[in-house]
2 protein chains.
Amino acid sequence: MSPRGQEQNEQMRTEATEKIFMAALKMFAMYGYHGTSMKQIARQSGLSYGLVYHYFPSKEAVFRHIVDTSLDNSIQATRMILEKPGDAWEKIADLSSFLVKETLNGDSFLYFLLILHAMVQGKSIPGFLAHLTGKIEAYYQVLSPVIAQAQQDGVALPGDPYVLAAAYFSFVQGLALLQIQDSGIEQHITPNLLMNVLRASK
Amino acid sequence: MSPRGQEQNEQMRTEATEKIFMAALKMFAMYGYHGTSMKQIARQSGLSYGLVYHYFPSKEAVFRHIVDTSLDNSIQATRMILEKPGDAWEKIADLSSFLVKETLNGDSFLYFLLILHAMVQGKSIPGFLAHLTGKIEAYYQVLSPVIAQAQQDGVALPGDPYVLAAAYFSFVQGLALLQIQDSGIEQHITPNLLMNVLRASK
DNA sequence: GTCTATACACTGATAGAC
DNA sequence: GTCTATCAGTGTATAGAC
């Protein structure tokens, strides 16, 4: 049999995939699917070109994996914030704070940038956009019941909670676009401004 | 000299460039810069491959021209709406109505899709993002004085009008993203929802 | 598991006939 | 002005040595 233990083998495997994941996330988030080459990913990861193809069958498979994982992580983080105790509007305030501070300026900014690229370029990858849209709708469904509660409390706008959730996340994506421009304006975006999309008029 | 009259020559020229423009707009708006090839543009325009290069020196030149023209048209349309008589909040209502109805669902939807691609892929075209950001800031400057007036009227949120203008247009771009998903939600977005980003709390 | 070398299709751009 | 043919470079993916 192999002189390497099974667990050591496993470790090499996960280490390599982790390196590929981080490199691909960075490159795809910055330059998009068509703007990134497998050569760039290999170089960024520090591994050889062929090794990337040892772990992933194609460039598209890498992209799908990165996008799926990023979305799942984002949804999970959102779900945890909304599941904490407190009234509906407080939860929305917490989420908005998280999104503006942590996500738009912090480390997980790459996630939102990646989703941006995925949505915009989804049409050119057959079957991808439908898959992506399904995942994003799961996002809406996490937020909409909280919005419905806030409506009952009289603090959120009337209207279909699902539509409002979609509008809210659209605004978040729009703010990620603002971040790309790097004009300094994004520093002045407050959680309050984001919450305004959902706030009742009077 | 040439058997063709000068004006006839001119007409062929403008006809061809117009065809290239429309084809490139459609392709770039749908598939982005890196996702579109010159072959596709030529095919879509109905002209030959070589002729595209007769009118434009490079793919990048085509892209820059399309993006610049689209942005200029959008800014011009916005300026015209905001210059009409009426109080500040009415102007914002008119603009929001225009953006939601005409732009996000109408023909000029391609413009916003194109800008989306341009911003997201701008990093991979040297010097392009800075140029683009400059143009978009002109956009903000058209809207911000109207917001300032609405603040004096007590109907708009307090805060830097320029930042609010940036947030407003970010939301519009976010809604264009929603349109890409084609889930039907975008049909339920109202001008009122868009205006909510700027509306005073109470 | 890791690497280098290579096959093969496609892309941007050019040349040159008409 | 319009077209086809072609070049040089790059991209994805694979083969095969270690």
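The model shown is predicted, which means the values in this text are computed figures rather than measured ones.
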#### Entry: Pair A:Q149-A:D153, side-chain donor/acceptor within less than 3.5 Å
yes

### Pairs flagged by side chain to side chain donor-acceptor pair (under 3.5 Å) wherever residues 186-200 of chain B is involved - sequence neighbours left out
B:N192-B:R199, B:N196-B:R199

### Query
With sequence neighbours left out, what residues match A:Y111 under ring-ring contact (aromatic ring centres under 6.0 Å, His included)?
none

#### Entry: Any A:H54 side-chain nitrogen or oxygen under 4.0 Å from OP1 or OP2 of C:dT2
no

### Task
Please name all residues satisfying ring-ring contact (aromatic ring centres under 6.0 Å, His included) with A:Y31, sequence neighbours left out, ordered by chain then number.
none

### Query
What ring pair (Phe, Tyr, Trp, His ring centres under 6.0 Å) pairs are there with at least one residue in residues 86-107 of chain B, not counting sequence neighbours?
none

#### Entry: Within residues 40-50 of chain B or reaching into it, pairs that qualify as side chain to side chain donor-acceptor pair (under 3.5 Å) - sequence neighbours excluded
B:S37-B:Q40

### Task
Report the residues that fulfil ring-ring contact (aromatic ring centres under 6.0 Å, His included) with A:F109, sequence neighbours left out, ordered by chain and then residue number.
none

### Contacting residues from residues 115-128 of chain B, given that a heavy atom lies under 4.0 angstrom of DNA chain C
none

### Query
For the pair made of CD1 in A:I41 and C1' in D:dA13, what is the distance, rounded to whole Å?
14 Å

Atom pairs under 3.5 Å: protein N/O with N/O of nucleotides 16-18 of chain C:
none

### Message
Just to verify, what does B:H34 make a ring-ring contact (aromatic ring centres under 6.0 Å, His included) with, not counting sequence neighbours?
### Response
none

Any N/O pairs under 3.5 Å between the protein and nucleotides 9-12 of chain D? List them or say none.
from   : atom 1 : to    : atom 2 : distance (Å)
D:dT12 : OP1    : A:K59 : NZ     : 2.8
D:dT12 : OP2    : A:M38 : N      : 2.9

### Task
Report the distance from atom CZ of B:F28 to atom P of C:dG12, rounded to the nearest whole Å.
8 Å

### Query
In terms of the angle between their ring planes, are A:Y33 and A:F28 parallel, tilted or perpendicular, with boundaries placed at 30° and 60°?
parallel

## Note on the structure
So the side chain to side chain donor-acceptor pair (under 3.5 Å) pairs with at least one residue in residues 174-183 of chain A (sequence neighbours excluded) are A:Q181-B:Y140

#### Entry: Rounded distance in Å - CZ (B:F56) to C1' (C:dT14)
18 Å

### Consecutive Watson-Crick or G-U pairs in runs of at least 3, all under 3.5 Å, in which DNA chain C is involved
C:1-18 with D:1-18

### Query
C:dG12 P sits how many Å from B:R43 CZ, rounded?
15 Å

### Query
Using a distance-only test with no angle check, is there a side-chain donor-acceptor pair under 3.5 angstrom linking B:Y168 and B:S96?
yes

### Query
Between D:dC3, D:dG1, C:dT2, which nucleotide gets closest to the side-chain atoms of B:L47?
D:dC3

### Query
Is any side-chain N of the basic residue among A:E60 and A:R64 closer than 4.0 Å to the acidic one's carboxylate O?
yes

### Task
For residues A:L116 and B:M119, determine if any side-chain heavy atom of one lies less than 4.5 Å from a side-chain heavy atom of the other.
no

